[in-house]
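Just so it is clear: chains get the letters A, B, ... in the order the sequence lines come, proteins before strands, and each one is counted from 1.
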Amino acid sequence: MEKSPVLVAAVTLTGLIVLGFALPDWAQFLMTIALAKGLVSLGIVAGMRCGVVSFGQGLYFCLGAYTAGLMSRWTGVTDVFLLTFLSVIVAGGVGVIFGPLLSRYRGIFFAMLSLSLSMILFGALAKTTSLGGTDGVNVAAPTFAGYAPEGGALATALYLFIVTVTVIIGTVMRIVFDSQSGLVSLAVRSNELRVEYLGSSANGIVAVSYVIAAILGGVGGVVTALAIGHVDPEYAFWTTSGEFVFVAILAGYLSIPAVFVASIVLEVVRSFSNLYFPNTWQLVLGVFLLVVILVRPDGIGSIKLWRRRESAGAAEPSA
Amino acid sequence: MNDIALETKNLVKNFGAVTAAKDVSIAVPAGAVWSLIGSNGAGKTTFVNMVTGYLHPDSGQILFQGRDITRLGPRTITRAGICRSFQIPQLCGELTTIENVLVAHAINRSATPSFFRRANETEEMGRALALLERFKIAEYRNRLMGELPAGVRKLLDIAMAMTGEPKVILLDEPTSGVATEEKFPIMDLVMEALSAEGVTTLFVEHDMEIVTRYSERVLAFYDGRIIANDAPNEVLSDPQVQRYVTGTPLTAS
């Protein structure tokens, strides 16, 4: 029997909340960052389901982060719910502008065009001294609907916030991926011509997935900025976008939990590699990704689907 | 109501120095079953591509139930009521047979499929399964495309086109690549389904037995032109058709 997404969400949320109180401070912070960045990679996965990979999600990650930084600096708004809402508006709005343009391209052209938009933002921010230039801006400590925690309580509150947001978004995305629209996305990935000749727009479906990715990028950015307390143009730099793609490839496009597992793995490997091999930690990541690609070309999330297909085929009469 | 389902007027299409359609004019009555014959490069598929919006003619006009569709794209034409199948079946290779049909149903329900309605809910699965049973391919429902025999792929391609409840359907070589013994059973199934829905049908075919058995009228193409347009026996006995399309029997000299 198939499990209800809401039940799965409730159990996951409860587990993550309990885990949060059990974790040491450094691990709680690491989880907060990993889940926030996992949201950005989930957006890339939404695109991968349509057959495109955005190499410029740093654009929306950065827009979300700067929304938090500049709003707290210019208007004094520190409420995490309001800042998240504003980041959705800003990132989603920019996504709506660029989505229809990018949706006309595929493959390397889509990837490079999305990257170029991100690098334009990087360059603009780095050269704009009123926005902090290359130094960026500090982000004020967030408040939670009037509640203003400090120190360890702030970190825990932010962890609980990102856990809740992640579970809600993960559940909504599960419903979307399982929906008619989600299935048509896979059809676009597989055969655009057929989708067009059935009467739907492949470009339109890619554009919608891009806007969803933009929104998720904005949410990931605002939470990361609030957790770190600082934003700078590096959020839009290509290496940042590359990390999101790394996680998406590691996870594959078949499973939502795999995206967050991959993001946590990246943060853990990065943290420990930085500690023990400070100059060669990228080497460790590279080897790790190589192993995953060789063993699981569709990512760590493919294991479950592979079993489902195998059992479905086994139940069939022979042709 | 207009009795002519599909009409083309003086269609011309050039690819550089090559003329793929020269002054192609036809008028297909509603409910008719016509076939298109011709050697490779004669312009049959170009004609199908123009009618379904994949290519636009350089000049001329295409009317569907009296409405000008000459400059419309495949998506709009499909939603208007003209569907097609392909010489090489265009299926979604990463999906199973039933998932392909679910995709077709989801799109036909709305050009923007629902974000919240489950793709595999009971009602949708029932409709998809009924369609597969109608085409006698339900036993392959959980197979990926790479595992399907050629005949099943052809039937699935046509079944997916049928989900749009078309008024006109164009089948591009529905039996090509299919084992000889499967050709007639496949055509019987397809024609029975199309006839039940009263769909105006044009099919491209190289097998003259199929053409004679299933079509009411034959269009013979050569060098981008229609060189004969008549009942099957008349067309197949036309000297020009025998010379350029079907070939003449060898005689001892």
Quick one: what part of [X] sits under 4.5 Å from any heavy atom of chain A, side chain, backbone, both or neither?
| X | value |
| --- | --- |
| B/T52 | both |
| B/E124 | side chain |
| B/F86 | side chain |

Under 4.5 Å between any side-chain heavy atoms of A/L183 and B/N120, yes or no?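 No; the side chains remain at least 4.5 Å from each other.
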
Using modelled atom types only, decide if a donor and an acceptor are shared between the side chain of [X] and the backbone of [Y] within a distance under 3.5 Å.
| X | Y | answer |
| --- | --- | --- |
| A/S181 | B/F115 | no |
| A/D178 | B/R118 | no |
| B/R79 | A/G199 | yes |

Starting at [atom1] of [X], measure out to [atom2] of [Y] and round the result to the nearest 0.5 Å.
| X | Y | atom1 | atom2 | answer |
| --- | --- | --- | --- | --- |
| A/S190 | B/L144 | OG | CG | 9.5 Å |
| A/E192 | B/C92 | CD | SG | 10.5 Å |
| A/D298 | B/E94 | CG | CD | 8.0 Å |
| A/R189 | B/L95 | CZ | CG | 10.0 Å |

Is the count of non-hydrogen atoms from other residues, nucleotides or ligands lying under 6.0 Å from B/E192 atom CD greater than 12?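 No.
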
By the definition side-chain contact (heavy atoms from CB on, under 4.5 Å), identify the one residue from A/V195, A/L193, A/L198 that meets it with B/Q90.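 The side-chain contact (heavy atoms from CB on, under 4.5 Å) with B/Q90 is passed solely by A/L193 among A/V195, A/L193, A/L198.
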
My understanding is that only residues two or more places apart in sequence, or in another chain, count here; which of them pass side-chain contact (heavy atoms from CB on, under 4.5 Å) with B/M187?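 With neighbours one apart ignored, the set is B/P174, B/T175, B/M191, B/F203, B/I210, B/Y214.
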
If we define contacts as heavy-atom pairs under 4.5 Å, which of B/I82, B/T163, B/D157 has the most with chain A?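 Answer, by heavy-atom pair count under 4.5 Å with chain A: B/D157.
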
